[in-house]
Every structure is written in structure tokens, then in C-alpha cells.
Amino acid sequence: MIRFKQLDVWKEAKELALLTYRITELFPKSETFGLISQMQRAAVSVASNIVEGSGRQHKKEFVHFLYLSLGSLYELLTHAEIASEVGYVDHNDYSLL
């Protein structure tokens, strides 16, 4: 059994990535290489760093990747706030993110 699939934090991160993809589908096409790309990559990075860290041999390495994941989460938060302020994300979707 793959260990990361049992982690609640990974499950939540994966849901965040899926939600991000659904929300950014509604953005203007002019943002394809801007906010859409940045938000999707940051969201996927949150879950990916958890997975990568869980595969490491030492707890200290896992913690390092959790911090990288947290950094990606903050990056996504910044992108979501900007998207909200320019009118691409409504209040409900912003709250979900």
C-alpha cells in the first residue's frame, strides 16, 4: 500500500488541486499563461510535495517537503486573492480555496 494515500493532508491537498482546476476553467482565456497556470501549478505542487516527502527515508526530509508544500499553499493563496480582486473568483469560490 502506498503510504501517502492514507494521509488526510494529501487527500485535502488533492481536493484543493481539483477545486483549483474547476475554478480556473472559468477564467478568461487571456489568463491561460498567467493566473490559470500559476494557480494550477501551485495547487498541484502542494499535493506533490507531500507525496515526494512521504517517500523519503528520514522524517527530517519529510518535514522539509511539508514546508515546501506549505510554501506552495501560500503561493496559491496569493494568486487566489489577486484573482478575487480582479473579479475572476467570486466570494464563495475564494472561501473554498
Side-chain angles (χ1 to χ4, degrees):
M1 179 64 127
I2 299 174
R3 189 175 91 175
F4 70 85
K5 288 190 174 189
Q6 298 172 338
L7 297 174
D8 289 336
V9 68
W10 176 77
K11 292 174 189 175
E12 293 287 332
K14 185 179 78 162
E15 287 302 315
L16 176 65
L18 294 172
L19 175 65
T20 300
Y21 270 81
R22 284 193 290 276
I23 289 171
T24 56
E25 283 178 353
L26 305 174
F27 285 20
K29 294 300 173 201
S30 62
E31 287 295 340
T32 298
F33 301 107
L35 281 173
I36 293 172
S37 176
Q38 291 292 317
M39 289 178 73
Q40 290 175 350
R41 289 187 312 158
V44 169
S45 181
V46 174
S48 296
N49 278 309
I50 293 167
V51 170
E52 187 170 352
S54 73
R56 298 298 173 138
Q57 297 297 315
H58 302 286
K59 184 177 179 181
K60 187 175 180 180
E61 290 177 296
F62 183 39
V63 170
H64 170 74
F65 279 92
L66 291 177
Y67 279 115
L68 293 175
S69 182
L70 181 61
S72 295
L73 190 60
Y74 285 134
E75 182 180 349
L76 177 59
L77 176 62
T78 300
H79 299 320
E81 189 162 325
I82 291 167
S84 175
E85 290 181 16
V86 298
Y88 298 158
V89 176
D90 66 28
H91 179 72
N92 289 336
D93 286 341
Y94 178 77
S95 295
L96 288 173
L97 285 172

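The basis for the numbers below is simple: all heavy atoms, side chains too, and nothing from hydrogens, waters or symmetry mates. Along the sequence shown, the residues carry numbers beginning at 1.
Distance alone, capped at 3.5 Å, places no donor-acceptor pair between the Ser84 side chain and the Ala80 backbone. Without hydrogens or angle criteria, Ser37 side chain to Gly34 main chain gives no donor-acceptor distance under 3.5 Å.
Rounded to the nearest 0.5 angstrom, Glu12 CD and Lys14 NZ are separated by 11.0 Å. The structure places CG of Leu68 at 4.0 Å from NE2 of His64, a figure rounded to the nearest 0.5 Å.
In this structure, Leu16 and Leu76 have side chains that are in contact, with non-hydrogen atoms separated by less than 4.5 Å. Using a 4.5 Å heavy-atom threshold, the side chains of Phe27 and Val89 count as touching. Looking at heavy atoms from C-beta onward, Asp93 lies in side-chain contact with Leu96 at the 4.5 angstrom threshold.
Using cut-offs of 30° and 60° for the angle between ring planes, the Trp10 and Phe4 rings count as perpendicular.
Taking the charged nitrogens against the carboxylate oxygens, Lys11 and Glu15 have no contact shorter than 4.0 Å, which rules out a salt bridge.
In the hydrophobic clustering of ILVMFWY residues, with side-chain heavy atoms under 4.5 Å counting as a link, Ile36 and Leu77 come out together. Leu97 and Leu26 are members of different hydrophobic clusters when ILVMFWY side chains are connected at heavy-atom separations under 4.5 Å. When hydrophobic clusters are built by joining Ile, Leu, Val, Met, Phe, Trp and Tyr residues whose side-chain heavy atoms come closer than 4.5 Å, directly or via intermediates, Val46 is grouped together with Tyr74.
In this structure, Arg3 is positioned above the aromatic face of Phe62, its NZ or CZ under 6.0 Å from the six-membered ring centre and within 45° of the axis.
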